[in-house]
Structures are given as C-alpha cells and as structure tokens.
Amino acid sequence: MMRTVRRLSLMLLALISMQSLAQDGGRGGRGNFDPAQMQERMLSFQKEQLAIADEEWEAIKPLMVAVMEKQRDARELQNRGFGRNRGGDRTQAPEVEALTKALEGDDTAAIKTAMEALRAARAARQAEVKKAQDALREVLTLQQEAKLVSAGFLE
C-alpha cells in the first residue's frame, strides 16, 4: 500500500508538471516556475487525500506548510557539493560553500572542520524537520498520520 501511495503521488506530480508544460506552450516552464503555486497544488492534493473538512484544514494547513518549508531547507544542504550549483545562479548554503572551498586545497584540518560544520548544519535542519512533523502529528487523527507517513510526508 505504501508503494502504491508513493507511486500515485509521483504520478500526480508528473501530471501536474506535464500540465504546466502544456500551459506554458512547451517552453519547459523554467522561467515561469512558481514555487508558491506548486506548494498550493501539493497541499490541495494532500487535503484531498486526507479527506479533511475546510474548518479542520485551516488548522492543519499551516503546520503542513511548516513541514514543507523545513524539508526544503534541509534539502538545501543535500546533494550540492563538489562545486556544482544545480540552481543556476542561486548561492549554495554557506556550509556547502565552505566545504567546497576547503576541498580545493590540501589542508586536511580545514576539510575536516568544514565537513563537521556541514554535518552539524544537516543534523540541525533535520531536527527542525522532525519538530515541525511532530507539531503536525499532534493535530492529526491516526488515519491521517498513517496516510502522510505512507506518502513520505511524515517519518
């Protein structure tokens, strides 16, 4: 069941992406990507999956947004090393930049210090994700929590 829910979530995201491309005239939408719009689509999908009434959703939605933001912040420190900046002209997190710079030299102490700082920053951001998820979990029913765990939204 968990795999089925994840597959359906991925299929929905792919469908949304294809729909965006079609509306964009096939240009790829890179210049017109609206993160807020994508977030709203994802939230609408989650609301539908959880079968939540509007009144209840107003209490849950801000907590879900907080989880999404903390997860995004945590991802900022992942898969960005070795001098590659996947976001075009966006700057990397300072900890990633420090490690990338340290790797350009031969100073093993600097590399170790930068690596430890990055690991600490990652752990801190993961702790923030967990805290936001715990706050959300407090207002969910067991069934709602189970659905969000199945979808990979909650741990």
Practice problem: Given side chain to side chain contact (heavy atoms under 4.5 Å, CB included), test Glu76 with Arg72 step by step and report yes or no. | Solution: CA-CA 6 Å; Glu76 180 181 85; Arg72 183 195 64 231; over 6 Å; no
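Nearest approach of Gln126 to Ala74, heavy atoms of both residues: OE1-CB, 3.3 Å. Nearest approach of Ala132 to Lys70, heavy atoms of both residues: CB-CG, 3.9 Å.
The NZ atom of Lys147 lies 15.0 Å from the CZ atom of Phe153; values are rounded to the nearest 0.5 Å. Here the straight-line distance linking atom CZ of Arg125 with atom CG of Leu77 works out to 4.0 Å at 0.5 Å rounding. In this structure, Leu99 CG and Glu97 CD are separated by 11.0 Å, a value rounded to the nearest 0.5 Å. Gln39 contributes atom CD, which lies 8.0 Å from atom CE of Met42 (distance to the nearest 0.5 angstrom).
Residues satisfying the salt bridge (Lys or Arg N to Asp or Glu O under 4.0 Å) criterion with Asp134, sequence neighbours excluded, are Lys130, Arg137.
With a 6.0 Å radius and a threshold of 12 heavy atoms from other residues, nucleotides or ligands, Glu155 has its CD atom at or below the threshold.
Here the side chain of Glu145 pairs no donor or acceptor atom with the backbone of Leu154 at under 3.5 angstrom. In this structure, Glu95 contributes its side chain and Glu116 its backbone to no donor-acceptor pair below 3.5 Å.
Follow the hydrophobic side-chain contacts under 4.5 Å out from Val67 and you reach Met38 in the same cluster. No continuous path of ILVMFWY side-chain contacts below 4.5 Å connects Val129 to Leu43, so the two sit in separate hydrophobic clusters.
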Considering only distance and modelled atom types, tabulate donor-acceptor pairs under 3.5 Å from the side chains of residues 51-64, sequence neighbours left out.
{"from": "Asp54", "atom 1": "OD1", "to": "Lys47", "atom 2": "NZ", "distance (Å)": "2.4"}
{"from": "Glu56", "atom 1": "OE2", "to": "Gln144", "atom 2": "NE2", "distance (Å)": "3.1"}
{"from": "Lys61", "atom 1": "NZ", "to": "Glu40", "atom 2": "OE1", "distance (Å)": "3.4"}
{"from": "Lys61", "atom 1": "NZ", "to": "Glu40", "atom 2": "OE2", "distance (Å)": "3.3"}

Side-chain donor/acceptor pairs under 3.5 Å, residues 104-115, sequence neighbours excluded:
{"from": "Asp107", "atom 1": "OD1", "to": "Ala109", "atom 2": "N", "distance (Å)": "3.1"}
{"from": "Asp107", "atom 1": "OD1", "to": "Ala110", "atom 2": "N", "distance (Å)": "3.3"}
{"from": "Thr113", "atom 1": "OG1", "to": "Ala109", "atom 2": "O", "distance (Å)": "2.9"}

